[in-house]
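This one's a predicted model, so the numbers in the text were calculated from it and none came from an experiment.
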Amino acid sequence: MHPNKPFLEPQIQALRAEEPSADAVARAVRMMQIASPVRKSRTRIWLRAAAIAMPAAILGLAFLFKPQTASAAALVQIADAMRARTTRHAMTFKPDGSGSFNLTYETWIENGKFLSAMPDGYGGLRLKGYDGHRMFMVSSAGEGFIDDTEPSGMPIEDLGSYLAYPKALILDHRSGLREGGQIVDRYSVAISGTRFDLFVDPSTRLPLRREVLDLQGRRLIERNIYDYPTDIPDARFLPPAGTLCDYPALRVELAKRLAQPGQKQVVGGVAISLKAVIVGRYSVLALWTGGARGNYLKEGSMWVEGLRHGGGAPPDPFRVPSLDQLTPSRSPVFANGQLILGDELGAGEPITLHPPFKISVAVWAEDPSQPLISTDGRKLGNRSKTVGRATFVVDDPLYAESPYRLLWKPSGEDQVAIATGG
């Protein structure tokens with residue numbers, strides 16, 4: 001006999017009534033929380049549903065006493081079958097204010113390649129794709145980029161995550177249902193107040209549809225439709241025709257410029273060489289060698305002709321975290337053994353700069369009178385001070401969607417500096 005059975009018997013009998021009351025169900029759950037603290041988290045989920053949907057609550061209580069291991073094993077088989085099927089097409093539909101369901105997300109996947117499309121709210125689509133070698137992102141206006149890095153996170157439905165979630169409950173499993181002229185099996189899983197109904201082809205064990213509902217099954221939140229073509233044309237995964245920012249080609253050109261002497265000036269006894277200026281959609285980045293890393297106080301800010309600096313024509317620039325304020329996820333950039341320094345200005349609207357234009361950067365030198373001391377007393381170098389400004393004429397800038405993406409390749413959790421030959 002269960003050690004707590006005498007304690008729970010009145011509550012169990014109340015639940016066996018033909019129409020148990022909400023008070024009886026809530027009281028039974030509270031008693032189970034006292035009798036079985038280990039199961040408290042599961043019971044809390046069940047309790048939230050109890051007062052609204054009595055049948056679902058009773059089913060949740062049954063799960064606590066008798067886990068549906070057969071259904072869990074079947075879901076593992078379905079997850080394995082879905083992972084093994086490397087060619088897939090999926091559509092996501094969500095209701096609008098009128099209750100009509102609209103297509104909000106669509107994906108095509110084949111052997112590591114993928115394409116996703118979603119409405120941008122203006123009648124167009126935002127696209128993200130990967131052809132196995134290059135990835136791209138394009139807005140409905142045709143703006144975007146191509147890069148030779150793998151994208152972060154493929155849009156793959158992983159049913160295994162349902163089972164791994166510690167508070168997941170298998171609510172129901174029904175076989176032999178007829179849905180749209182086809183026989184399917186249905187599995188219902190609850191996770192923290194949300195119910196997932198999965199409709200599966202019994203012969204292939206592949207999901208055909210998934211519905212996301214509230215726990216009582218009264219409100220449909222999202223519907224996913226899956227199909228599994230034998231082949232998807234390679235052209236589906238290629239970037240659309242148009243002018244996109246080609247980061248691989250631009251990185252080759254930038255590496256060449258960083259290896260060249262560049263424009264040289266000597267200010268306050270400090271020689272610096274401007275290597276490149278990158279004009280992005282919302283920022284301008286200048287790169288040089290020589291001098292010290294700046295403290296980047298107000299007097300050390302970069303100035304760019306054509307941007308508003310407290311007045312004049314828009315856009316008005318604001319300070320961006322500077323190139324050489326390195327973080328653990330950002331590798332330093334070197335050219336011919338010299339550290340590349342730089343500064344960047346950003347703007348709140350797209351930047352349009354037509355060469356030639358002038359830029360002015362602060363020149364910094366180490367100040368031996370201001371040593372940098374660590375908390376444990378070690379000398380880390382010296383603070384910097386400005387010794388003047390250097391002004392350059394830029395007649396051949398590089399244009400890139402994002403200057404920082406041009407300089408560092410995203411790679412997992414790190415950002416890898418471009419190869420500069422030194």
Side-chain angles (χ1 to χ4, degrees), residues 120 126 137-139 141-147 149 152 243-247 250-251 253-254 257-258 263 272 274-289 291 293-333 339-364 384 386 389-410 414-418:
D120 63 357
R126 292 197 299 270
M137 294 182 67
V138 186
S139 71
E143 301 165 350
F145 65 85
I146 301 170
D147 206 345
T149 57
S152 57
T243 303
L244 300 179
C245 179
D246 189 340
Y247 282 111
L250 284 170
R251 288 191 187 107
E253 177 60 27
L254 177 59
R257 296 192 183 193
L258 294 182
Q263 298 185 51
I272 70 169
L274 182 70
K275 299 290 188 175
V277 173
I278 306 168
V279 178
R281 181 169 295 278
Y282 295 101
S283 67
V284 179
L285 174 64
L287 305 174
W288 66 84
T289 57
R293 294 180 180 177
N295 297 331
Y296 292 96
L297 305 173
K298 183 177 180 181
E299 67 271 16
S301 296
M302 181 171 68
W303 176 89
V304 179
E305 182 181 35
L307 298 186
R308 184 175 60 195
H309 295 262
D316 189 14
F318 56 85
R319 203 58 185 274
V320 178
S322 57
L323 170 71
D324 45 320
Q325 291 174 319
L326 302 177
T327 66
S329 64
R330 182 182 296 163
S331 301
V333 180
L339 178 66
I340 298 292
L341 303 178
D343 199 6
E344 184 180 33
L345 284 179
E349 58 186 82
I351 293 173
T352 302
L353 287 177
H354 300 290
F357 57 87
K358 295 179 181 179
I359 69 167
S360 174
V361 299
V363 181
W364 296 81
S384 302
T386 55
R389 302 187 69 87
T391 301
F392 300 93
V393 176
V394 180
D395 55 14
D396 189 20
L398 293 173
Y399 292 89
E401 189 86 5
S402 166
Y404 275 1
R405 189 180 186 102
L406 177 57
L407 202 58
W408 286 282
K409 275 186 177 183
D414 300 322
Q415 297 198 40
V416 181
I418 64 170

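Between Pro403 and Glu344 the shortest side-chain heavy-atom distance falls below 4.5 Å. A 4.5 Å side-chain heavy-atom check between Lys358 and Val304 finds every atom pair outside the cut-off. In this structure, Glu401 and Tyr399 have side chains that are not in contact, with every pair of non-hydrogen atoms separated by 4.5 Å or more. Counting heavy atoms from C-beta on, the side chains of Leu258 and Leu254 come closer than 4.5 Å. Within the 4.5 Å cutoff, side-chain heavy atoms of Leu250 are placed close to those of Cys245. Side-chain contact between Leu287 and Ile278: present, with at least one pair of heavy atoms (C-beta onward) separated by less than 4.5 Å. In this structure, the side chains of Leu353 and Val284 come closer than 4.5 Å at one or more pairs of heavy atoms. Contact of the Thr289 side chain with the Ile272 side chain is not registered, since no non-hydrogen atoms from C-beta on lie closer than 4.5 Å.
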For Asp396 and Val277, run side chain to side chain contact (heavy atoms under 4.5 Å, CB included): C-alpha distance rounded to whole Å, both residues' side-chain angles, the deciding distance at 0.1 Å, then the answer.
CA-CA 8 Å; Asp396 189 20; Val277 173; over 6 Å; no
Evaluate side chain to side chain contact (heavy atoms under 4.5 Å, CB included) for Arg251 paired with Leu406, printing each intermediate quantity in order.
CA-CA 6 Å; Arg251 288 191 187 107; Leu406 177 57; 3.6 Å; yes
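Contact between Pro350 and Tyr282 at its shortest, heavy atoms only, is N-CE2, 3.4 Å. The heavy-atom pair separating Lys275 from Arg257 by the smallest distance is O-CB, 3.8 Å. In terms of heavy-atom proximity, Ser139 sits nearest to Arg126 at CA-CG, 4.4 Å. Contact detail for Asp395 and Pro397: the closest heavy-atom pair is C-CD, 3.7 Å. Here the closest heavy-atom approach between residue Ile351 and residue Ser283 is recorded as CD1-N, 3.4 Å. Minimum heavy-atom separation, Phe392 to Val361: CE1-CG2, 4.2 Å.
Note that CD1 of Ile146 and CG of Asp246 are 5.0 Å apart. Values are rounded to the nearest 0.5 Å.
A donor-acceptor contact shorter than 3.5 Å links the side chain of Gln263 to the backbone of Val393. Counting only distance, with no hydrogens or angles, the side chain of Asp343 and the backbone of Met302 share a donor-acceptor pair below 3.5 Å.
Partners of Phe145 according to the ring-ring contact (aromatic ring centres under 6.0 Å, His included) rule, which considers only residues two or more places apart in sequence or in another chain, are Tyr247.
Side chain to side chain, Ser360 and Arg389 meet the donor-acceptor criterion of an N or O pair below 3.5 Å.
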